[in-house]
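Order of the sequence lines sets the chain letters (A, B, ...), proteins ahead of strands, with each chain counted from 1.
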There are 2 protein chains.
Amino acid sequence: MEYKKQVQRLIQEFKTDFLPSVSVDLVIFGFHDGQLKVLLLRWKNTEDWCLPGGRIRHEESLDDAAYRSLHGRTGLTEIFLQQFHTFGDTRRYVHFSQEQTMLRLGLAEEDLQEFSNRDVSVGYYALVEFANVVPTPDFFTDECRWWDINQVPPLLFDHNDMITLALKTLRRQLTYQPIGYNLLPEKFTMPDLQQLYETILGQSLDRRNFQKRMLGYDILERLEERKTGGAHKAPYLYRFDKEKYEKALADEILFVG
Amino acid sequence: MEYKKQVQRLIQEFKTDFLPSVSVDLVIFGFHDGQLKVLLLRWKNTEDWCLPGGRIRHEESLDDAAYRSLHGRTGLTEIFLQQFHTFGDTRRYVHFSQEQTMLRLGLAEEDLQEFSNRDVSVGYYALVEFANVVPTPDFFTDECRWWDINQVPPLLFDHNDMITLALKTLRRQLTYQPIGYNLLPEKFTMPDLQQLYETILGQSLDRRNFQKRMLGYDILERLEERKTGGAHKAPYLYRFDKEKYEKALADEILFVG
DNA sequence: AGGAGATGTGTAAATTTTACACAATGATAC
DNA sequence: GTATCATTGTGTAAAATTTACACATCTCCT
């Protein structure tokens, strides 16, 4: 059976070309329709969802492995990607059944060792521009799609915990770094940006104070252009001044408290 | 040679009982004489220093492995220990020579594989009460002692980077969590606490405003007792109200900006 | 007994954050 | 074509927070 050979070759490759015991998992955030989304994968022949992830090649740095997976699932390069925690609880495979995996992949039990040993997994979160992503399943999965952050189903492994912690870290990031550069389209309106902040923080903000504050950080450039097509007064379009944005990122100025 | 057998048994144990490719490193902070200190180890028969660290048993969680190492080097239990970053650069062994290690340990080259492969290492930092620590070398080291944070020598691997990032994370922690519970003796004076904050932040703070702020957090209990023996006016002693302290830790109230 | 040096304490100024309202615009409905 | 509705653009005053700052007290040392 062609498929089975492929699986076995892949597992063999895991053993020879990749670091054992360590993996990388990704919480990829997107923003669409005023909702925060995460990209999830569905295992072949099942209804089990999980986070995208990957393994680390022997000659590859941890960050590069994360970028490689991210690129594979989204088609994107050059996006914000940040490590937020490493998960190494012995019980992190509690939502994972070896027998089910066997069925899933049509494997013999001995092939499964690779999957049922506890790995330590390094969690990264990424901020990506929703519209630019081409969700792409990997070898072990049938489907890759966005889920609303508030409607994520129970996931395999400890992946629900990962999303929770990634979101917490993202919220904290918001307090000392600007956000939006890789999450919004190039041109966006002030209400767009505010909605992003409100969605991440889970609270509403004063419109005027928000604008004052954002402009005060001196990372935005207002364009002549306005956004048309809305049913109301046309708002101005803005874009990030990349240099100043990068500087604010590095300087870690105190942002929204 | 008895010693060599011991080494080989240990290396064998690494292969059978511990996760390959992953390790844990510890930045253990102490506070003494108004200086922030880190605990370092010196490799046997060398002048090379590095951070304490360890490996993870197959049936052991990542956090437990870190606690185990911490206990081994300090004799302490129940201390503040927090993961801050995972290091997985392919070049993180650049300050490490395989030949030198051979000399150090008196090993054959084939035994060394365990040391010269790149591991991914999870960095933890700990805050401990200086006076309670009994610095204890491990099998590979001759000496374990405190170093002033400003006088750390060039270390093996990427351990200097680890200290830098641990300190950065500690400074950030200071902005949303109280600190001092496991770093100061049970009873301490307000100037002690202030000195701790100033040392970590690397800047001096106003005495009156500091006190006002600290008392405002409502995590301190002022004792009747005063500290005697100083050459000056006897300052009050304080201690942390553990419950309120824990609550402040969990709530992540905004602290010093 | 006096002096040196550190501690204990409160208030006013400056800054930052928050609250808040009305005119202008553009699509849609009539 | 005109009125309507929902949304955008904009500034100021009050409140809260943060900062700056000085003098009396205590303890050991000389």
Side-chain angles (χ1 to χ4, degrees), chain A residues 33-34 174-176 178 180 184-185 187-199 201-239 248 251-257, chain B residues 33-35 171 174-176 178 180 184-185 187-199 201-239 248 251-257:
Chain A
D33 278 341
L174 223 59
T175 65
Y176 59 86
L184 292 172
K187 299 172 183 180
F188 52 88
T189 68
M190 195 57 76
D192 290 340
L193 185 61
Q194 180 172 348
Q195 199 178 35
L196 172 63
Y197 270 76
E198 288 179 338
T199 303
L201 290 173
Q203 61 179 260
S204 58
L205 303 168
D206 182 273
R207 208 156 55 83
R208 275 165 294 188
N209 294 336
F210 179 80
Q211 168 151 341
K212 231 183 305 175
R213 175 171 254 156
M214 281 300 146
L215 294 178
Y217 297 145
D218 189 31
I219 54 173
L220 292 173
E221 187 184 352
R222 187 165 96 174
L223 309 175
E224 289 308 312
E225 218 175 331
R226 284 159 178 263
K227 183 181 188 176
T228 57
H232 309 290
K233 179 170 181 177
Y236 283 106
L237 287 169
Y238 292 83
R239 94 178 132 210
D251 290 356
E252 311 203 339
I253 303 158
L254 187 67
F255 268 63
V256 189
Chain B
D33 279 341
Q35 295 290 335
R171 283 186 178 144
L174 224 57
T175 66
Y176 60 86
L184 291 173
K187 300 172 182 180
F188 52 88
T189 68
M190 194 59 76
D192 290 340
L193 185 61
Q194 179 172 350
Q195 199 179 35
L196 172 62
Y197 270 77
E198 288 180 337
T199 303
L201 290 172
Q203 62 180 259
S204 58
L205 303 168
D206 182 272
R207 208 155 54 83
R208 274 165 296 188
N209 294 337
F210 180 81
Q211 168 151 341
K212 231 184 305 178
R213 175 172 255 155
M214 280 301 145
L215 294 178
Y217 297 145
D218 189 32
I219 54 174
L220 291 174
E221 187 184 351
R222 187 166 96 174
L223 308 175
E224 289 308 313
E225 220 174 334
R226 284 161 176 260
K227 183 180 184 175
T228 57
H232 308 291
K233 180 171 180 175
Y236 283 105
L237 286 169
Y238 292 82
R239 92 179 133 212
D251 291 356
E252 310 201 341
I253 304 158
L254 187 66
F255 267 62
V256 188

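Listed pair R222(B) / dT9(C) meets the phosphate criterion, a side-chain N or O lying under 4.0 Å from OP1 or OP2.
Looking at R207(B), its side chain has no donor and acceptor atom pair within 3.5 Å of the base of dA6(C).
Ring-plane geometry between Y217(A) and F255(A) is classed as tilted, the angle between the planes lying from 30 to 60 degrees on a 0 to 90 degree scale.
Across the interface with DNA chain C, nearest-nucleotide mapping of N209(A) and R226(A) shows N209(A) to be the residue nearer the 5′ end. Nearest-nucleotide positions on DNA chain D for D206(B) and Q211(A) put Q211(A) closer to the 5' end.
For DNA chain D, the span of nucleotides reached by chain A at under 4.0 Å from its heavy atoms goes, 5' to 3', from dA6(D) to dT12(D).
Under the 4.5 Å side-chain criterion, counting only non-hydrogen atoms from C-beta, L215(B) is not in contact with R222(B).
Rounding to the nearest 0.5 Å gives a distance of 7.5 Å between CG of L196(A) and CG of L174(A). If you take CD on E221(B) and CG on L237(B), they are separated by 11.5 Å, rounding to the nearest 0.5 Å.
Using a 4.0 Å heavy-atom distance criterion, A234(B) is classed as a sugar-phosphate-only contact.
For P235(A) against T189(A), the heavy-atom pair with the smallest separation is CG-CG2, 3.6 Å.
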Taking distance alone, no hydrogens or angles, what donor-acceptor pairs closer than 3.5 Å link side-chain atoms of residues 225-234 of chain A to residues at least two apart or in another chain?
from: E225(A); atom 1: OE1; to: K187(A); atom 2: NZ; distance (Å): 3.1
from: R226(A); atom 1: NH1; to: A234(A); atom 2: O; distance (Å): 2.6
from: R226(A); atom 1: NH2; to: Y236(A); atom 2: OH; distance (Å): 2.9

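Distance, F210(B) CZ to dG8(C) C1': 15 Å, rounded to whole Å. One can place CG of L193(B) at 15 Å from C1' of dT7(C), the figure rounded to the nearest angstrom. In this structure, H232(B) atom NE2 and dG5(C) atom C1' are separated by 5 Å, rounded to whole Å. Atom-to-atom, CZ of F188(B) to P of dT7(C) comes out at 15 Å; the value is rounded to the nearest Å. Taking atom CG of residue D192(B) and atom P of nucleotide dG8(C), one finds them 11 Å apart after rounding to whole Å.
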**Study point:** Derivation and outcome, side-chain contact (heavy atoms from CB on, under 4.5 Å), residues Y238(B) and M214(B)
**Key:** CA-CA 11 Å; Y238(B) 292 82; M214(B) 280 301 145; over 6 Å; no
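Side chain of R208(A), nearest nucleotide from dG26(C), dT9(C), dA21(C): dA21(C).
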